[in-house]
Amino acid sequence: MLMTKPVVLVTGGADGIGRATAALFASRGYRVIIADLQGAEDAALALGPGHSGHRLDVTDEPAVCALASGLERIDVLVNNAGIGDSHLPSVEQDLETFRKVLDVHLAGAFLMARECGRRMIAQRSGAIVNLSSIAGVVGLPRRNAYGAAKAGVAMMTRSLAAEWAGSGVRVNAVAPGYARTALVEKLVAAGRIDLDAIKNRVPQGRLIDPEEIAEAIWFLASPAASAITGVTLSVDAGWAAFGDFGDAS
Ligand SMILES: NC(=O)c1ccc[n+]([C@@H]2O[C@H](COP(=O)([O-])OP(=O)(O)OC[C@H]3O[C@@H](n4cnc5c(N)ncnc54)[C@H](O)[C@@H]3O)[C@@H](O)[C@H]2O)c1
């Protein structure tokens, strides 16, 4: 009998955490669909035969609807596409960047969840994993849009989970700490973050590998997490658990 492979759609799957997630699901028997602004076709080819890549802007509503309605089935959606904040002092932050960051992280994740969730509800099964961040858990300076978007993603996760639990659709999130990806490398190159200072702040004293975040996404999407919905799982090497006292300790 020909077994149909389960299908995972990873937004922003051409690079970083999304690429590691796509590779993990491919290695464990999933058919992977990568949707990214750039490099999606090449990233899918690199996974081997049977996978596909689509150029997609997650904020483009007609394009998101077209991609989702063209899918034969969808078992897992990983809402991973994302961009950095301006990291400027808040009094210098422009509204255009603020709106853009909210749009990609929050509206983009909503559109993808709405359109894939529609299909999952009809199938009466499915799992969605959203990418939140430590910036959505604790207040970090100069990240108004990014932090608000990621906290919004965590609350949207709970809201969708509560609504769709009876339809067989689970919705969870991961909240990573700093991982070594293009997004973080760009901030280092621009002098916006200091990796040594970050490592000093992290209880485990290190950055996180994208593959470690992919494993947490895999777990939340898998039957091993069948009773888990609406949670945001920190994958942050201890960052959010540690109430840094600074000199006051
Ligand atoms: N790297 C970290 O330390 C870290 C920490 C916490 C959360 N996150 C979150 O994890 C996710 C992935 O981050 P990363 O570090 O792997 O980033 P990355 O820059 O390495 O990769 C992000 C991918 O998203 C794609 N993308 C950006 N905007 C898009 C859009 N509008 N439509 C479709 N694709 C788009 C990019 O082309 C890129 O391939 C993001 O949501 C990010 O906010 C990252």
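Read the numbers this way: they start at 1 and go in the same order the structure lists the ligands and their atoms.
Taking the side chain as every heavy atom from C-beta outward, Arg192 and Leu88 approach each other to under 4.5 Å.
Between Gly82, Ala40, Gly12, it is Gly82 that holds the heavy atom closest to atom 27 (C) of ligand 1. Comparing heavy-atom distances from atom 36 (C) of ligand 1 across Asn130, Leu37, Leu187, Asp36 singles out Asp36 as nearest.
Heavy-atom proximity to Leu56, at under 4.0 Å, picks out these atoms of ligand 1: 32 (N), 33 (C). Listed by atom number, the atoms of ligand 1 under 4.0 Å from Asp57 heavy atoms are 30 (C), 31 (N), 32 (N). Each of the atoms 16 (O), 20 (O) of ligand 1 lies under 4.0 Å from some heavy atom of Gly16. Near Val184, meaning under 4.0 Å from one of its heavy atoms, ligand 1 places the atoms 1 (N), 2 (C), 3 (O). For ligand 1 and Gln38, the ligand atoms under 4.0 Å from any heavy atom of the residue are 36 (C), 37 (O), 38 (C), 39 (O). When each atom of ligand 1 is checked for a heavy atom of Pro176 under 4.0 Å away, the hits are 5 (C), 6 (C), 7 (C). The atoms of ligand 1 that sit less than 4.0 Å from any heavy atom of Ser133 are 6 (C), 7 (C). The ligand atoms of ligand 1 that sit less than 4.0 angstrom from a heavy atom of Tyr178 are 3 (O).
Distances from ligand 1 to the non-hydrogen atoms of Lys150 include at least one value under 4.0 Å. Contact between Gly13 and ligand 1 is absent, with no heavy atom of the residue lying under 4.0 Å from the ligand.
Heavy atoms from other residues, nucleotides or ligands lying under 6.0 Å from CZ of Arg158 number 12 at most.
Side-chain contact of Asn80 with Thr11: a donor-acceptor pair under 3.5 Å is absent, judged by distance alone. Residues Asp85 and Gln93 have side chains that bring a donor and an acceptor to within less than 3.5 angstrom of each other.
Residue contacts with ligand 1, taken as heavy atom pairs separated by less than 4.0 Å, do not involve Arg180 at all.
Inclusion of Thr59 in the set of residues having an N or O under 3.5 Å from an N or O of ligand 1 is not warranted. The shortest N/O to N/O separation between Val58 and ligand 1 falls below 3.5 Å. At least one N/O-N/O distance between Ile17 and ligand 1 falls below 3.5 Å.
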Open item on the list: Between Leu140 and Val138, is the side chain to side chain contact (heavy atoms under 4.5 Å, CB included) condition met? List the steps.
Closed with: CA-CA 6 Å; Leu140 300 178; Val138 297; 4.0 Å; yes

Open item on the list: Between Arg170 and Glu163, is the salt bridge (Lys or Arg N to Asp or Glu O under 4.0 Å) condition met? List the steps.
Closed with: CA-CA 10 Å; Arg170 295 185 302 104; Glu163 182 178 339; over 6 Å; no

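Shortest non-hydrogen contact noted between Ala225 and Leu220 is CB-O, 3.7 Å.
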